[in-house]
Amino acid sequence: MLSAVELGLFSTLARGPLSADQLAGQLGVHPRSARDFFDALVSLGMLSRRDGQYANTPETDLFLDEAKPTYLGGVLQLSTERLYGFWGSLTEALRTGKPQNEIKDGSNFFEVAYREPDLMRHFLNGMTGVTMGSALAIAEKIPWAQYRTVIDIGCAQGCLPVQLARRHRHLTGGGFDLPPVGPAFEEYVHSFDLDDRLRFHSGDFFADPLPSADVLVMGHVLHDWDLEEKKLLIGKAYDALSPGGLLVVYDGVIDDDRRENSFGLLMSLNMLIETHGGFDYTGADCRGWLAAAGFRDCYTERLAGPDSMVVGIK
């Protein structure tokens, strides 16, 4: 799958079915392995084959065609170009407790990523891919008619606020992230013609106050940080919200019995490889942190795939 995305296979087939020879020619795949590669994707349920013609499935056509706004391939490209190699050092990470990526020297991943344009672009595209399913679910599961403004804390390109604004025309707000992210956010928002409703708020969520809104969202953010940093960010969100405001936290939240959400558990190992202190957590863990900060009526709800959200009211 990673190689198929890297080669642009699904985007090529989005233009129409092709024979093995035609597809291999367009992708530049050597004939020795072409049929095995394409048929392996058929066996994995990612392509269909009829009368010798290969085509996308409805799912791969929707989510892996780069020309569509529903494209999720950014996270797969990120996996190919970064994570695939770093996971080869999992054993070392387990023995040392130290990250195995660009920050093995002790630096901060985001400082490194955001000063290298190519790495930042791949990371932000990846975050859009990993966010899309949950963004669409959150657009339906929160009673948005009760709220007017929303800010996504750690927004990356702005996938979540864009999907919320597309679904609920009364919502305004935007995203908060480090200054280098601003141009990517503005470009992404502009591509959906939402400049008049969503804007970028620049800052460092450890050093600066969080912007105020009726709803604050932290998606795929808390798992990057250690326990004290998690609690600090939750406390800052509480301070930024008005009474009755909502905090929505979502990640690959681990089931409370730590037996079922394999993705969440493996993502926590990914945090070992990627960060100095980050880890994923259960819904019960997060509800406890929110309650300790002062939030009430906290609950956990499944979103899309392995993600769940934990919600608390100020």
Check your understanding: Do I151 and I313 sit in the same hydrophobic cluster, where Ile, Leu, Val, Met, Phe, Trp and Tyr count as joined when their side-chain heavy atoms come under 4.5 Å apart?
Key -> no
Review point. Is the backbone N or O of F206 less than 3.5 Å from a side-chain atom of D204, with the two atoms forming a donor-acceptor pair by type?
Key: yes
Check your understanding: Would you say the side chain of V248 lies within less than 4.5 Å of the side chain of I142, judging by non-hydrogen atoms?
Key -> yes
Review point. Taking atom CZ of R32 as the centre, does the number of heavy atoms from other residues, nucleotides or ligands within less than 6.0 Å exceed 12?
Key: no
Review point. When you measure from the side chain of D61 to the backbone N and O of N56, does any donor-acceptor pair fall under 3.5 Å?
Key: no
Check your understanding: Got more than 12 heavy atoms from elsewhere within 6.0 Å of CZ, R35?
Key -> no
Exercise for review: Measure the CG-OG distance between L241 and S212 for me, rounded to the nearest 0.5 Å.
Suggested key: 7.5 Å
**Study point:** Minimal non-hydrogen separation, M1 against L76, with atom names
**Key:** CE-CD2, 3.7 Å
Check your understanding: Which atom pair, heavy atoms only, marks the closest approach of L194 to A165?
Key -> CD1-CB, 4.0 Å
Exercise for review: Applying side chain to side chain contact (heavy atoms under 4.5 Å, CB included) between R148 and each of D214, L171, V215, report the one that passes.
Suggested key: D214
Practice item. May I ask you to decide if the ring planes of H220 and Y250 are parallel, tilted or perpendicular, using 30° and 60° as cut-offs? Key: perpendicular
Revision key, fill the gap. Nearest heavy-atom approach of G283 to T300 is CA-OG1, 3.7 Å
Point to revise | same_hphob_cluster(Y188, L124) at 4.5 Å side-chain heavy-atom cutoff | key: yes
Check your understanding: Quick one: does R95's side chain get under 4.5 Å of T91's, heavy atoms only?
Key -> yes
Exercise for review: Could you tell me whether the side chain of D307 and the main chain of G252 form a donor-acceptor pair under 3.5 Å?
Suggested key: yes
Check your understanding: Does a side-chain heavy-atom distance below 4.5 Å link L222 with D251?
Key -> yes
Check your understanding: Hey, does the side chain of D152 reach the backbone of F176 with a donor-acceptor pair shorter than 3.5 angstrom?
Key -> no
Review point. With a cut-off of 6.0 Å (strictly less than), are more than 12 heavy atoms of other residues, nucleotides or ligands near CD of E187?
Key: no
Study note, to complete from the structure: Rounded to the nearest 0.5 angstrom, the CD-CG distance for Q100 and N270 is 12.0 Å
Review point. Which heavy atom in C286 sits nearest to a heavy atom in V249, and how many Å separate them?
Key: SG-CG1, 4.1 Å
Practice item. Count the heavy atoms belonging to other residues, nucleotides or ligands that lie under 6.0 Å from CG of D193, then report whether that count exceeds 12. Key: no
Review point. Once you round to the nearest 0.5 Å, how far does OG1 of T282 lie from CD1 of I254?
Key: 7.0 Å
Exercise for review: Look at the aromatic rings of F295 and Y238 and report parallel, tilted or perpendicular, splitting at 30° and 60°.
Suggested key: perpendicular
Point to revise | Criterion side-chain contact (heavy atoms from CB on, under 4.5 Å) on M309 and I138, from CA distance to verdict | key: CA-CA 8 Å; M309 65 178 178; I138 290 170; 4.2 Å; yes
Point to revise | H190, NE2 atom: more than 12 neighbouring heavy atoms under 6.0 Å | key: no
Point to revise | Check: T149 side chain, T172 main-chain N or O, donor-acceptor pair, under 3.5 Å | key: no
Check your understanding: Between CH2 of W225 and NZ of K230, what distance do you get to the nearest 0.5 Å?
Key -> 10.0 Å
Practice item. Could you go through the side-chain contact (heavy atoms from CB on, under 4.5 Å) check for L13 and L9 one step at a time? Key: CA-CA 6 Å; L13 286 178; L9 182 149; 3.8 Å; yes
Point to revise | Side-chain heavy atoms of P183 within contact of F200, under 4.5 Å | key: no
Review point. Is there a path from F263 to V221 through hydrophobic residues (I, L, V, M, F, W, Y) whose side chains come within less than 4.5 Å of each other?
Key: no
**Study point:** Short side-chain to backbone donor-acceptor contact, K314 and L246, under 3.5 Å
**Key:** no
Review point. Short question: side chain of D226, backbone of E228 - any donor-acceptor pair under 3.5 Å?
Key: yes
Review point. Near Y299 OH, under 6.0 Å, is it more than 12 heavy atoms from other residues, nucleotides or ligands?
Key: yes
Review point. Is any side-chain heavy atom of S79 closer than 4.5 Å to a side-chain heavy atom of W87?
Key: no
Check your understanding: Would you say the ring centroid of F279 lies under 6.0 angstrom from that of H223?
Key -> no
**Study point:** Single-linkage hydrophobic cluster, 4.5 Å side-chain cutoff, L247 and L227 together
**Key:** yes
Review point. So, S19 versus Q22: side-chain donor-acceptor pair below 3.5 Å or not?
Key: yes
Exercise for review: Without swapping roles, check the side chain of T57 against the backbone of T60 for a donor-acceptor pair under 3.5 Å.
Suggested key: yes
Exercise for review: Please assess V311 against E301 for the test side-chain contact (heavy atoms from CB on, under 4.5 Å), listing each intermediate value before the final yes or no.
Suggested key: CA-CA 8 Å; V311 180; E301 185 172 354; over 6 Å; no
Check your understanding: Hey, are T131 and T128 close enough side-chain-wise for a donor-acceptor pair under 3.5 Å?
Key -> no
Exercise for review: Just do the salt bridge (Lys or Arg N to Asp or Glu O under 4.0 Å) check on E140 and R167 with the steps written out, would you?
Suggested key: CA-CA 8 Å; E140 303 301 327; R167 179 67 179 81; 2.6 Å; yes
Check your understanding: Is C298 close to L290 at the side-chain level, that is, under 4.5 Å between some pair of heavy atoms?
Key -> yes
Practice item. Please lay out, stage by stage, how F63 and Y71 fare under the test side-chain contact (heavy atoms from CB on, under 4.5 Å). Key: CA-CA 4 Å; F63 293 119; Y71 179 65; over 6 Å; no
Exercise for review: Examine distances only and state if a side-chain atom of D39 and a backbone atom of V42 form a donor-acceptor pair shorter than 3.5 Å.
Suggested key: no
Point to revise | Close side-chain approach of N125 to Q157, heavy-atom, < 4.5 Å | key: yes
Practice item. Supply the atom-to-atom distance W289 CH2 to L233 CG, rounded to the nearest 0.5 angstrom. Key: 11.0 Å
Exercise for review: Starting at NE2 of H168, measure out to OH of Y147 and round the result to the nearest 0.5 Å.
Suggested key: 12.5 Å
Study note, to complete from the structure: Between P211 and I153, the two heavy atoms sitting closest are CD-CD1, 4.2 Å
Point to revise | NZ/NE/NH1/NH2 to OD/OE distance under 4.0 Å, K68 and D65 | key: yes
Check your understanding: Checking R258 side chain against Y281 main chain: does a donor-acceptor pair fall under 3.5 Å?
Key -> no
Point to revise | Side-chain ion pair, R199 and E186, N-O less than 4.0 Å | key: no
Check your understanding: With the 4.5 Å side-chain cut-off for hydrophobic clustering, are V130 and L62 part of the same group?
Key -> yes
Practice item. Taking the side chain as every heavy atom from C-beta outward, state whether Q26 and L18 have any atom pair closer than 4.5 Å. Key: yes
Check your understanding: Which heavy-atom pair separates I234 from A293 by the least distance, and what is that distance?
Key -> CG2-CB, 3.7 Å
